[in-house]
Engineer: 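Before I ask anything, here is the structure I am working with.
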Amino acid sequence: MKLPPFEYAAPATLKEAVALLASHGGEAKPLAGGQSLMPMMAFRIAQPSLLVDLRKLPDLKSIAIDKDGVRLGAMVRWRDIQDDKRLAQAHPLLQAAIAHVAHYQIRNRGTVGGSVCHADPAAEMPGIALTCDAEMTVMGKGGQRVIKAADFFLGALTTALQPDEILIEVKLPAWPAGRRFGFQEFARRRGDFAMAGIAVFYDPDAGGTASNAHVGVIGVGEKQRRLGKAEAAINGSTLDEAAIAKASAAASAEVEPQDDIHASAAYRRALTGTLLERALKSAAG
Amino acid sequence: MKNTFIGAPMERREDLRFLRGKGTYVDDLAPEGLLYAVILRSSVAHGRIRSIDASAALKIEGVHSVITARDMPDGPPIIPMRLQPLPEFKPFEQPVIAHDKVRYVGEPLAVVLASSVAIGEDTLEHIAVEIDDLPAFSEWQVAAQNKSLLFEQAGTNRSLTFYSRKGDADAAFAKAPYARKEKLNTGRHYGLTMEPRGVMAEWDAGKGRLTISGAAKVPFFNRRILAKQIGLPESAIEMIENDVGGGYGARGEFYPEDFLIPFAARHVNRPVKWIEDRRENLMAMNHARETEAHIEIACERDGTIIGLRGDVHTDMGAYMRTNGAVGARNVVQFMGGPYRVPHVKLDSHLWMSNKTPVGTYRGPGRFESSFYIERLLDMVAGDLGIDRIEMRRRNLVTAAEQPYPIASVQPTDAHDQYDSGEYSEAMNRALKEFNWAEKSKFAGKLIDGKYHGLGIACFVEGGAAGPKESARLEVNGDGTITVFMGSSAVGQGVETVFAQIAADALEIPMDRIRHVYHGSTTTVSDGYGAYHSRSIVMGGSALLDATEKFQAAIREAGAKKLGCRPDEVKIGEDTVSGGGKSFPLAELAGLTAEGAFLNKKHTYSYGTHIAHVTVDAKLGQVQILDYVVVQDVGRAINPLTLRGQIIGSLVQGLGGAMLEHLQYDEQGQFLTGSLADYLLPTATDFPNLRCFVTDDYPSPINPLGAKGAGEGGIVAAGGVMANAVANALSSFGAQPRRLPLSPSYIWELVQAGSRQAAE
Ligand SMILES: Cc1cc2nc3c(=O)[nH]c(=O)nc-3n(C[C@H](O)[C@H](O)[C@H](O)COP(=O)(O)OP(=O)(O)OC[C@H]3O[C@@H](n4cnc5c(N)ncnc54)[C@H](O)[C@@H]3O)c2cc1C
């Protein structure tokens with residue numbers, strides 16, 4: 001489980017980094033926290049010819065919060081998100097989700113950009129990005145572009161990123177004060193990738209009627225996804241028992257799970273509904 | 001001075017060395033000119049090898065050579081069985097490297113010797129291997145059809161059937177007022193060691209000597225095998241035991257690498273080292289435990305057990321390895337556990353499959369059989385309306401029945417009997433420590449969204465395999481004493497425990513025992529190793545014999561120097577005196593005496609596990625609120641290290657009960673090749689574990705009264721957890737019938753129960 005041979009560079013500017021990536025004909029890869037890329041190389045699932053370490057790039061490490069929302073630099077680590085007290089107001093769903101990522105040591109290394117670009121179907125950050133309509137700012141040879149989360153995640157470990165592109169920032173739209181949310185996931189051991197996870201939020205009016213429901217699921221099926229039918233069941237309801245039951249049944253019906261070594265498809269389908277039910281109850285409570 | 005180190009909770013002497021980073025593991029060794037070995041393993045589960053071409057690999061810079069079966073002029077040697085070496089197993093034994101066929105994913109095909117491990121690994125993809133696929137299978141049911149054969153010349157995929165017999169089961173079943181039949185399964189586990197295996201071999205061409213580091217468990221036996229295979233006298237091979245990170249039955253058996261690395265070193269006349277990585281470890285170290293039981297129990301209406309009968313099928317993997325038959329034998333020999341079972345008729349079938357071969361793992365066959373019998377007892381108690389505790393009390397073996405004979409097993413002609421103990425006393429203590437009377441109020445109740453359940457299981461643990469163990473003491477130049485042991489250290493803290501025993505016997509402070517050396521073939525003339533919870537009983541008893549002989553030798557030598565009779569000589573802490581004179585013990589530097597202990601009988605420690613769990617029926621999640629183990633060990637030499645053994649083995653048992661399962665697809669492809677797939681317990685999984693040690697019933701078969709005690713924590717864990725889950729989910733009629741109790745499986749049980757209730 002030693003790494004295959006590769007070249008290594010730690011450029012000081014984004015421009016250089018992009019140029020290096022472009023120079024290796026698609027065989028170069030950015031290196032962020034290394035918590036996914038290094039194991040893949042050790043298993044020789046990935047054999048990049050060049051690693052472009054992003055650690056020296058300025059301006060990728062900050063969490064900026066303003067009226068438009070939260071901007072997470074690509075090199076923001078899980079630990080930074082957990083420690084940032086402002087996020088309790090500015091994006092409580094993000095903090096709730098990131099608490100479930102991996103283990104202490106890995107949270108000190110793993111980054112927002114690495115997770116989003118790695119695009120594991122069970123990872124929390126891509127799930128939050130998708131659920132919250134995030135926008136990804138990326139930089140390539142041709143300059144910058146912004147990709148909507150819905151267009152960014154194409155499948156398991158597949159994104160819309162070009163080989164010469166570097167993710168710079170993930171922007172989560174502003175979080176209104178009255179918004180209700182819940183995050184629930186279940187893994188076989190603490191810190192494992194979830195067998196299923198649910199992120200949900202909605203905006204209730206004065207009478208408690210929900211609108212703008214967003215439901216995202218991770219760990220079930222080929223990629224992280226929104227659950228439109230569950231969202232429809234929430235919108236316009238007051239989240240009474242019946243509405244919650246309807247939404248959770250819709251979620252179970254909507255997912256397309258498969259059997260794997262950890263759980264049957266039927267279990268994952270039921271789990272999706274259970275987690276949404278619990279997330280909605282905690283959102284209301 | 002009268003010592004009482006035995007029985008005292010002494011801290012482990014070896015820990016200081018480890019905590020300071022001063023331990024020496026085989027991977028810490030790097031002699032001049034070292035080459036690193038990397039093994040090319042088959043990615044095909046079953047196939048015929050057409051060619052292996054390493055010519056491209058040999059051109060890579062840093063690659064010294066590539067060894068295949070063709071480098072062995074007489075063909076690759078076969079690894080013989082160490083335990084139960086029956087002629088029936090011969091056709092199924094493993095060659096040290098694949099030559100005509102491959103039979104499992106992970107089987108060695110070639111050994112690359114390179115100047116670094118990284119270069120060695122880079123080279124693997126440049127070795128061209130052509131293999132014609134043969135139909136592969138990974139289930140005993142398919143093996144039993146004998147359509148595709150692993151060993152064509154054997155004509156069958158079944159290597160053996162063990163027959164476990166006692167009384168007349170068929171006659172007893174015919175008359176029995178009640179019987180119940182069940183199909184039950186255990187998962188496939190392995191004794192995962194924190195430090196993977198490693199071997200380093202150095203060949204001294206001038207002297208014709210091989211030195212092998214990384215030996216463990218059974219170095220003397222392994223030397224005998226290697227000497228024969230490699231064509232050297234035993235005396236030309238030295239096996240050195242280094243510090244090791246865990247044994248669990250799996251490390252130290254003779255594996256293919258134990259030949260390949262010494263062979264390579266001699267072949268290229270350079271030191272060669274191989275360190276297993278974790279992915280290899282998962283597919284190369286012995287697997288264990290995967291059994292399916294079709295088993296029937298007969299009882300009187302009051303719950304008294306009449307008999308057990310049926311069949312157990314064990315998935316042996318692709319080859320019969322050194323100790324591979326032990327689990328399959330034990331599972332039917334010990335199916336009765338600590339209970340009185342007058343009639344037994346159990347057949348254990350050993351099926352070959354395209355998976356990693358099987359060996360022993362802590363509590364071999366006992367973990368499996370405990371799960372079976374404990375599940376049956378709870379089901380029977382439910383059927384007959386008997387309290388679960390009463391059910392057990394009625395059937396536990398009593399002190400008056402000891403030594404209690406259990407079923408005998410053919411064709412190995414195994415006859416065994418339990419040695420001592422009133423088994424219900426351990427259960428009573430466990431009930432009290434757990435506060436069963438109070439907690440049983442929670443049984444089956446739904447509280448805050450979770451169902452509470454209690455489970456109980458009783459067990460015996462066998463220990464102290466013979467035939468023999470040796471020990472030697474020697475006076476050092478400074479008057480301190482060194483102990484040399486034939487048995488091995490695999491992390492059990494034997495250095496501490498042997499020092500306690502020796503210091504007590506010699507009536508000297510423990511720090512006068514300077515070193516405890518163990519395992520290496522250089523230490524004593526012969527040794528039998530560390531398995532079957534035998535080190536303390538066998539080694540400790542040998543040590544007692546050695547101290548007697550050592551004292552006699554000092555008296556003899558002292559009498560000469562002092563001019564008195566040997567019986568007048570007094571041995572002090574660091575002086576020898578008699579006839580009014582004395583001299584420092586240091587003057588006898590080099591004086592040595594060796595002792596031995598011979599024994600054919602086994603010890604049986606015993607005890608009870610009780611658990612209180614909650615089950616989230618929708619997630620299928622099980623959490624442990626409290627868990628109590630009581631184990632009677634005959635005589636506790638060191639309660640502190642013993643506690644570590646019990647809690648450690650218990651966590652392993654809970655891993656097997658809840659998490660661990662080595663899985664393959666139907667074509668024999670390995671699906672659990674990393675620790676993200678093979679789930680081990682982590683620090684947060686099982687926090688609330690308690691254990692209590694008693695020594696109320698010393699073993700009558702050794703001078704210490706001690707019993708093997710390294711496996712008791714693991715044995716009952718599967719049964720107790722399944723029983724607790726069944727109890728929690730009793731309103732659904734859930735009866736777990738297989739392990740692990742994964743969330744998905746528990747959820748299925750709840751669904752089935754809910755569906756049935758609806759119909
Ligand atoms: C034991 C373990 C458990 C884990 N459990 C979880 C879990 O429960 N949930 C979870 O979400 N994650 C989990 N992870 C993954 C962890 O969070 C990773 O750190 C994360 O997925 C990747 O982030 P990284 O910074 O380490 O990225 P790297 O490993 O450095 O990179 C990952 C991929 O992204 C690319 N990349 C990185 N940064 C950029 C960028 N800015 N632009 C373009 N491409 C980029 C790399 O080229 C690579 O392909 C676990 C990891 C381990 C080892």
Side-chain angles (χ1 to χ4, degrees), chain A residues 1-6 35-36 39-45 47 100 102-106 120 122-123 184-198 219-220 245 248 252 257-279 281-282, chain B residues 36 38 60-62 114 116-125 196 275-281 449 616-622 655 658-665 670-687 740-748 750-751:
Chain A
M1 300 184 71
K2 301 284 181 244
L3 302 181
F6 60 90
Q35 299 302 294
S36 297
M40 286 177 72
M41 288 171 68
F43 277 103
R44 295 181 184 241
I45 298 165
Q47 302 210 13
H100 291 271
H103 311 273
Y104 188 86
Q105 295 87 338
I106 293 159
D120 190 301
Q184 291 279 325
E185 70 167 54
F186 183 49
R188 290 192 66 185
R189 297 172 306 182
R190 170 107 195 70
D192 282 346
F193 279 107
M195 288 189 283
I198 286 280
V220 184
S248 106
S252 280
Q258 281 174 351
D259 290 334
D260 71 13
I261 58 169
H262 294 306
S264 67
Y267 170 77
R268 277 208 165 85
R269 185 179 292 288
L271 182 60
T272 305
T274 298
L275 293 174
L276 179 58
E277 180 190 327
R278 292 183 184 187
K281 282 186 176 155
S282 82
Chain B
Y36 296 85
V38 172
I60 295 170
E61 197 183 323
S116 76
V117 178
I119 293 174
E121 287 189 20
D122 294 345
T123 305
L124 296 182
E125 61 184 286
I275 301 293
E276 187 177 51
D277 69 28
R278 184 60 71 195
R279 181 170 44 167
E280 284 187 291
N281 178 249
D616 182 323
K618 286 196 156 176
L619 301 184
Q621 182 185 32
V622 179
M658 311 307 296
L659 294 165
E660 295 172 43
H661 191 25
L662 294 158
Q663 299 185 61
Y664 288 80
D665 71 10
F670 189 42
L671 303 177
T672 45
S674 86
L675 295 186
D677 309 308
Y678 185 70
L679 305 182
L680 284 183
T682 62
T684 52
D685 286 311
F686 306 117
L741 300 165
S742 67
S744 181
Y745 176 50
I746 290 172
W747 175 84
E748 276 165 35
V750 170
Q751 294 309 303

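Since the structure is predicted, the reported quantities are computational estimates derived from the model, not experimental observations. In what follows, chains are A, B, ... by sequence order, proteins preceding strands, each numbered from 1.
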Engineer: Apply side-chain contact (heavy atoms from CB on, under 4.5 Å) to B:L619 and A:R278, showing your working.
Structural biologist: CA-CA 11 Å; B:L619 301 184; A:R278 292 183 184 187; 3.5 Å; yes
Engineer: Counting only non-hydrogen atoms closer than 4.5 Å, does B:I119 touch chain A with its backbone (N, CA, C, O), its side chain (CB onward), both, or neither?
Structural biologist: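 Neither part, no heavy atoms under 4.5 Å.
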Engineer: Of the backbone (N, CA, C, O) and the side chain (C-beta and beyond), which part of B:D685 lies under 4.5 Å from a heavy atom of chain A, both, or neither?
Structural biologist: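 Contact with chain A involves the side chain of B:D685 alone.
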Engineer: Looking at every non-hydrogen atom in both residues, tell me the closest pair between B:D122 and A:P4 and how far apart they are.
Structural biologist: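 Heavy atoms only, the tightest pair is OD1-CA, 3.8 Å.
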Engineer: Between B:Q663 and A:D260, does the side-chain contact (heavy atoms from CB on, under 4.5 Å) criterion hold? Intermediate values first, please.
Structural biologist: CA-CA 11 Å; B:Q663 299 185 61; A:D260 71 13; over 6 Å; no
Engineer: Rounded to the nearest 0.5 Å, what separation is found between the CZ atom of A:F186 and the CD atom of B:Q621?
Structural biologist: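 The distance works out to 4.0 Å.
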Engineer: Go through the steps to decide whether A:R188 and B:M658 satisfy the test side-chain contact (heavy atoms from CB on, under 4.5 Å), and finish with yes or no.
Structural biologist: CA-CA 9 Å; A:R188 290 192 66 185; B:M658 311 307 296; over 6 Å; no
Engineer: Any donor-acceptor pair under 3.5 Å linking the side chain of A:R189 with the backbone of B:L680?
Structural biologist: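 Side chain of A:R189 to backbone of B:L680: a pair is present.
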Engineer: List in chain and number order the residues that pass ring-ring contact (aromatic ring centres under 6.0 Å, His included) with A:H100, two or more places apart in sequence or in another chain; answer none if no residue qualifies.
Structural biologist: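 Only A:F183 meet the ring-ring contact (aromatic ring centres under 6.0 Å, His included) criterion with A:H100.
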Engineer: To check you understand the geometry: which heavy-atom pair defines the closest contact between B:R279 and A:M1, and what is its length?
Structural biologist: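 Distance-wise, the nearest heavy atoms are N-SD, 3.6 Å.
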Engineer: So which of A:H262, A:R190, A:M195, A:H103 has the biggest tally of heavy-atom pairs under 4.5 Å with chain B?
Structural biologist: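 Option with the top pair count is A:H262.
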Engineer: Counting heavy-atom pairs under 4.5 Å to chain A, which of B:V117, B:D677, B:T672, B:V38 comes out on top?
Structural biologist: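 The candidate making the most pairs under 4.5 Å is B:D677.
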Engineer: Where on A:F43 is there a heavy atom nearer than 4.5 Å to chain B: the side chain, the backbone, both, or neither?
Structural biologist: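 Both parts, backbone and side chain.
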Engineer: Tell me, for B:E280 versus chain A, whether the close heavy atoms (under 4.5 Å) come from the side chain, the backbone, both or neither.
Structural biologist: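 Contact with chain A: none, neither part.
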Engineer: Which residues pass the side chain to side chain donor-acceptor pair (under 3.5 Å) test with B:D277, sequence neighbours left out?
Structural biologist: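 Listed in chain order: nothing, the list is empty.
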Engineer: Hey, is the main chain of B:G620 close enough, under 3.5 Å, to the side chain of A:Y267 for a donor-acceptor pair?
Structural biologist: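 Not at all, since once roles are kept as given, no pair shorter than 3.5 Å links the two residues.
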Engineer: Tell me, side chain or backbone of A:P39 under 4.5 Å from chain B's heavy atoms, or both, or neither?
Structural biologist: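 Contact with chain B: none, neither part.
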Engineer: CG of B:D665 to CD1 of A:I261: how many Å apart, nearest 0.5 Å?
Structural biologist: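 Going from the CG atom of B:D665 to the CD1 atom of A:I261 covers 11.5 Å.
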Engineer: Identify which part of B:T684 has an atom lying under 4.5 Å from any heavy atom of chain A, answering side chain, backbone, both or neither.
Structural biologist: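 Side chain of B:T684 only, per the 4.5 Å heavy-atom cut-off to chain A.
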Engineer: If you round to the nearest 0.5 Å, how far is CH2 of B:W747 from CZ of A:R268?
Structural biologist: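 Answer rounded to 0.5 Å: 12.0 Å.
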Engineer: Between CG of A:L3 and CD of B:E121, what distance do you get to the nearest 0.5 Å?
Structural biologist: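 Interatomic distance, A:L3 CG to B:E121 CD, rounded to 0.5 Å: 9.0 Å.
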Engineer: Please rank B:T682, B:L671, B:L659 by heavy-atom pairs under 4.5 Å with chain A and give me the top one.
Structural biologist: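 That would be B:L659.
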Engineer: Go through the atoms of A:A266 and report whether side chain, backbone, both or neither lie under 4.5 Å from a heavy atom of chain B.
Structural biologist: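 For A:A266, backbone and side chain are both near chain B.
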Engineer: Has the side chain of B:S744 got a donor or acceptor atom that lies under 3.5 Å from a matching backbone atom of A:S264?
Structural biologist: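 Present.
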